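Here's the structure we're looking at; comments come further down.
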Amino acid sequence: MTQIDKEACREAYNQVRDDSTDVTWAVFKYEGTMIVPAGQGSDYEDFKRLCTDDARLFGFVRITMGDAMSKRAKFTLITWIGESISGLQRAKISTDKAMVKEVVQNFAKEFMFSDPRELDEDNIRTELKKAGGANYDAQTE
């Protein structure tokens, strides 16, 4: 039965949400049957490096949206399931994600990825833009 270290995870989550820190991502991963914080940072590339073939993790990521007139933070919950994760472990992810969401409550959109190309920051930015909110960029549609 999976459990989550709520206090430790909440602390990591709050640091990403805190405008006065430069932390833009936090990762939660499995240590045995416990979900624990497993690193945080300010460089999205460092987050991507944790998303390996044999990893299954949850990432809470701050993406800065907008332009010179209006910058704002959008948050996203990324569930990463590496290609070599077994079917049983894959199946558990959706149940376990409910526990993560008890801690990670504020985000614009969630993603489930297993292909490293999907982690491209521009891809996520595009999806977040579609998810709503004002779009001050020059309209191209």
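Predicted, not measured: the structure shown is a model, and the values here were computed from it.
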Heavy atoms only: give me the nearest [X]-[Y] pair and the separation to one decimal.
X    : Y    : answer
K129 : M65  : N-CE, 3.8 Å
E118 : I124 : O-CG1, 4.2 Å
F113 : L119 : CD1-CD2, 3.7 Å
Q105 : E102 : NE2-O, 3.0 Å
R49  : T52  : O-CG2, 3.5 Å
C9   : I4   : SG-CG1, 3.9 Å

Ignoring hydrogens and geometry, is there a side-chain-to-backbone donor-acceptor pair from [X] to [Y] under 3.5 Å?
X    : Y    : value
D18  : N14  : no
R17  : A12  : no
R125 : T64  : yes
S70  : G66  : no
Y13  : N106 : yes
T21  : Q15  : yes
E11  : A8   : no

Passes side chain to side chain contact (heavy atoms under 4.5 Å, CB included), I35 versus F58? Steps please. CA-CA 9 Å; I35 296 174; F58 303 94; 4.1 Å; yes
Apply side chain to side chain contact (heavy atoms under 4.5 Å, CB included) to I63 and W25, showing your working. CA-CA 9 Å; I63 303 267; W25 60 266; over 6 Å; no
Are [X] and [Y] linked, directly or through other ILVMFWY residues, by side chains that come within less than 4.5 angstrom of each other?
X    : Y    : answer
V23  : F107 : yes
F111 : F47  : yes
L77  : V27  : no
M112 : I85  : yes

If the threshold is 4.0 Å, N to carboxylate O, is there a salt bridge linking R62 and D19? yes
With a 4.0 Å cut-off on N to O distance, would you call E110 and K101 a salt bridge? yes
Within the supplied structure, the quantity of interest is the number of heavy atoms (other residues, nucleotides, ligands) at a distance under 6.0 Å from E31 CD; does it exceed 12?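 No.
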Heavy-atom count check: over 12 atoms from other residues, nucleotides or ligands less than 6.0 Å from K29 NZ? no
[Y] side chain reached by [X] side chain, heavy atoms, under 4.5 Å:
X   : Y    : result
L57 : F28  : no
I93 : I81  : yes
V61 : V16  : no
K48 : E121 : no
K74 : T76  : no

Pair E127, K109 - check side chain to side chain contact (heavy atoms under 4.5 Å, CB included), show working. CA-CA 8 Å; E127 290 301 316; K109 191 168 171 62; 3.7 Å; yes
How would you list all residue pairs meeting side chain to side chain donor-acceptor pair (under 3.5 Å) that involve residues 78-89, not counting sequence neighbours?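 Sorted pair list comes back empty.
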Would you say the ring centroid of F60 lies under 6.0 angstrom from that of F75? yes
Check the pair T33 / Y30 against side chain to side chain contact (heavy atoms under 4.5 Å, CB included), numbers first and verdict last. CA-CA 6 Å; T33 57; Y30 293 86; over 6 Å; no
Straight-line distance of K92 NZ to T2 OG1, nearest 0.5 Å: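 Taking NZ in K92 and OG1 in T2, the distance rounds to 2.5 Å.
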